[in-house]
There are 2 protein chains.
Amino acid sequence: MRILLIEDERELAEALSAALGKHGIVTDHTMQLADAVELTRQNGYDAILLDRRLPDGEGLSFIPELRRTGKDTPIIVLTARNEPKERIEGLDLGADDYLGKPFLVEELMARLRAVLRRSPELAELKITAGRMVIDPLHLSVTVDAVPLDLPRRELLVLAALARRKEKTVLRSTLEAAVYNYEEEIQSNALDAHISRLRKRLIDAGAGVAIHNIRGVGYLMKEE
Amino acid sequence: MRILLIEDERELAEALSAALGKHGIVTDHTMQLADAVELTRQNGYDAILLDRRLPDGEGLSFIPELRRTGKDTPIIVLTARNEPKERIEGLDLGADDYLGKPFLVEELMARLRAVLRRSPELAELKITAGRMVIDPLHLSVTVDAVPLDLPRRELLVLAALARRKEKTVLRSTLEAAVYNYEEEIQSNALDAHISRLRKRLIDAGAGVAIHNIRGVGYLMKEE
DNA sequence: CCACAAGAGTTGCGGCAGCATTGCGGAGCT
DNA sequence: AGCTCCGCAATGCTGCCGCAACTCTTGTGG
């Protein structure tokens, strides 16, 4: 799960990013509208959190701009401008939800879940692979209904592979599923995750195997 | 157990909230209809207590509004308008019960229990886990039929975990089960509850264990 | 078919974030 | 007053995970 946060208050952005991270959500952050379109073009987010007052303009203007590129990514507007009239304005422009500041992170999470539930692409609320069932929204994995607890990062790798099982997943795609562009890694951390994950999957009898496609990425196969 | 109280008399609201709290019910409170729909969307209450005379309108109008969103949460109307004709009006609009002010808290509790008993979602009137039987409506726990008395908050944590035994429960879900949105906690109070609860469960030989899922939440397993 | 290089796999280490435990003191109940 | 509950914070502990060293695998060219 990956979202884009468009917000110019650095402190709020960092707090949000940390909080979302604990729910297994990877957050990319930009402070400017100018970058936002570019980012959505490259990355394909599951949702977008949008501030209204931004240094380079009114955030709402981003909504039609995004829709024009054919994307219907859910958008939640976060703003201090919370009069009924302003809410209506935002929703009519195509926002999926509208949340006044200040807000509780838990409220945001709940709304995010609600919005994603409606989104058809993520009807994969449960992913099954081999004997596993993965619930990425609640961060849980079971093997034959027995819960299997995995470290967060390994779980993210697993989910990314299982979501596209039987297909190769680019190495870069996997990295994107686990790290945002601020957390750079300069080692084989991903390989290490894969290695440890494989071991755990065997121990648990998960009924899947992770194959390597040299120079390209990885591939999950059911057995 | 979590309910929403829609009531504009602050004093009554606080008294009720306190009284319900002693019965292990977490109460969210709003004085306005305007917020109520919003709150139900995020929180999924087990029941709603509704006043008729509210600053922004007739409380009853909330009932069809809620039903239209597909929720059939039980609603109890609390009001000074207690003529037979008014009662009928309320019930016909879809309220599950109608209680004239003033009333005894005990009567309210009894009606609440009655209403909840009918609710299919809470057919889990008794939760069993290991050697325990938990009755969240009457706030009791027994181990092999021997009563075990637990502090209120620990009991709430226990019930929340037992209700979803063998599954991970998000940390935030547990917090929501124990605290309403006005009581914020800025410490590891939850961890402390877990710790003390664990000790008591061992002493009592409850036949369950609470495991931690690092960065995610907790998980109750039977032994 | 061998040599070699580059990518992939494995594993121990260490820093650190999140968790567990517990004493303290205020608040509320009897 | 004496009790329990429970939030708070100090302390110690655990395990995640980035890192890097080293080995193993695979593909290529001679």
Side-chain angles (χ1 to χ4, degrees), chain A residues 14-15 17-19 21-24 26 139 141 148-158 161 168-172 174-175 177-180 182-203 209-220, chain B residues 14-15 17-24 26 105 139 141 148-158 161 168-172 174-175 177-180 182-203 209-220:
Chain A
E14 278 170 13
S17 188
K22 286 184 191 153
H23 288 83
V26 177
L139 290 184
V141 185
L148 170 65
D149 61 311
L150 294 176
R152 246 199 351 279
R153 303 231 127 133
E154 289 176 31
L155 181 72
L156 292 174
V157 172
L158 177 68
L161 286 168
T168 60
V169 182
L170 295 183
R171 206 186 165 79
S172 60
L174 286 176
E175 281 169 4
V178 181
Y179 303 96
N180 70 28
E182 281 163 358
E183 310 168 292
E184 57 184 87
I185 48 172
Q186 36 198 321
S187 74
N188 60 348
L190 178 61
D191 304 59
H193 286 309
I194 296 269
S195 168
R196 294 190 245 245
L197 185 53
R198 277 178 173 143
K199 204 186 298 176
R200 290 195 219 247
L201 292 179
I202 291 169
D203 287 353
I210 300 174
H211 300 277
N212 171 264
I213 311 296
R214 198 180 181 78
V216 181
Y218 291 87
L219 166 65
M220 169 172 288
Chain B
E14 279 169 12
S17 188
L20 292 169
K22 286 182 194 153
H23 288 84
V26 178
V105 173
L139 280 190
V141 184
L148 169 65
D149 63 318
L150 292 177
R152 201 164 42 84
R153 305 227 126 138
E154 290 176 30
L155 181 73
L156 292 174
V157 172
L158 177 67
L161 286 169
T168 61
V169 182
L170 295 184
R171 209 186 163 78
S172 60
L174 287 175
E175 282 168 5
V178 180
Y179 303 95
N180 70 28
E182 283 163 355
E183 311 168 293
E184 59 183 272
I185 48 171
Q186 37 197 324
S187 73
N188 59 351
L190 179 61
D191 305 57
H193 287 309
I194 296 268
S195 171
R196 295 192 247 248
L197 184 53
R198 277 180 174 142
K199 204 188 296 174
R200 291 193 219 248
L201 292 179
I202 290 168
D203 288 354
I210 300 175
H211 299 277
N212 170 263
I213 312 297
R214 181 166 268 250
V216 181
Y218 291 88
L219 165 65
M220 169 172 288

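From a predicted model like this one, the values you see are computed outputs, not experimental measurements. Note: hydrogens, waters and symmetry copies are ignored here, and every other heavy atom, side chains too, is used.
Rounded to an integer number of Å, the gap from OH of B:Tyr179 to C1' of D:dC5 is 11 Å. Rounded to a whole Å, the CD atom of B:Glu175 is 15 Å from the C1' atom of D:dC6. A straight line from CG of A:Asp149 to C1' of D:dT14 spans 14 Å, rounded to a whole angstrom. Atom P of nucleotide C:dA17 and atom CD1 of B:Ile213 are separated by 21 Å, given to the nearest angstrom. Here D:dC6 presents its C1' atom at 17 Å from CG of B:Leu174, a figure rounded to the nearest Å. Rounded to an integer number of Å, the gap from A:Leu197 CG to D:dC17 C1' is 14 Å. As rounded to whole Å, 12 Å separates atom P of D:dC8 from atom CG of B:Leu190. Note: CG (B:Leu170) to C1' (C:dG18) measures 16 Å, nearest angstrom.
Distances from the side chain of B:Asp191 to the nucleotides D:dC6, C:dA20, D:dG18 place C:dA20 closest. Out of C:dT21, D:dC5, D:dC16, the shortest distance to the side chain of B:Pro151 is found at D:dC5. The side chain of A:Arg200 lies closest to D:dC16, out of D:dC16, C:dT22, D:dG7.
The two atoms that bring B:Leu219 and B:Thr168 nearest to each other are CD1-N, 3.7 Å, heavy atoms only. Shown here for A:Leu150 and A:Val141, the closest heavy-atom pair between the two residues is CD1-CG2, 4.1 Å. The shortest non-hydrogen separation linking A:Ile210 to A:Arg198 is O-NH2, 2.9 Å. Considering every non-hydrogen atom in both A:Leu174 and A:Tyr218, the closest pair reads CD1-CD1, 3.7 Å.
In this structure B:Ala209 satisfies the side chain to side chain contact (heavy atoms under 4.5 Å, CB included) test together with B:His211, B:Glu223, sequence neighbours excluded. Residues forming a salt bridge (Lys or Arg N to Asp or Glu O under 4.0 Å) with A:Arg200 (at least two apart in sequence, or on another chain): A:Glu154. The salt bridge (Lys or Arg N to Asp or Glu O under 4.0 Å) check on A:Arg196 picks up nothing, with sequence neighbours excluded.
Residue A:Arg153 has no polar side-chain atom (N or O) positioned under 4.0 Å from OP1 or OP2 of D:dC16. Between A:Tyr218 and C:dG9 there is a side-chain polar atom (N or O) within less than 4.0 angstrom of OP1 or OP2. Remark: A:Lys199 is in phosphate contact with C:dT11, judged by side-chain N or O atoms under 4.0 Å from OP1 or OP2. Taking 4.0 angstrom as the limit, A:His193 places a side-chain polar atom (N or O) nearer than this to OP1 or OP2 of D:dG18.
Contact annotation: the side chain of A:Arg153 never approaches that of A:Leu197 to less than 4.5 Å [non-hydrogen atoms, C-beta and beyond]. B:Leu158 places a side-chain heavy atom less than 4.5 Å from the side chain of B:Leu201. B:Ile213 has its side chain out of reach of B:Arg171: every pair of non-hydrogen atoms, C-beta onward, lies at least 4.5 Å apart.
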Sugar-phosphate or base contact per nucleotide [nucleotides 24-30 of chain C; S, B, -; heavy atom under 4.0 Å] = -----S-
Whether each nucleotide of nucleotides 2-7 of chain C has a protein heavy atom under 4.0 Å at its base (B), only at its sugar-phosphate (S) or at neither (-) is summarised, 5' to 3', as ----BB
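Nearest-nucleotide positions on DNA chain C for A:Arg152 and A:Arg198 put A:Arg198 closer to the 5' end.
Around atom CG of A:Asp203, more than 12 heavy atoms belonging to other residues, nucleotides or ligands sit under 6.0 Å away.
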Distances under 3.5 Å only, N/O to N/O: pair up the protein atoms with those of nucleotides 9-11 of chain D.
from	atom 1	to	atom 2	distance (Å)
D:dA9	N7	B:Asn188	OD1	3.2
D:dA9	N6	B:Asn188	OD1	3.1
D:dA9	N6	B:Asn188	ND2	3.4
D:dA10	N6	B:Asn188	ND2	3.3

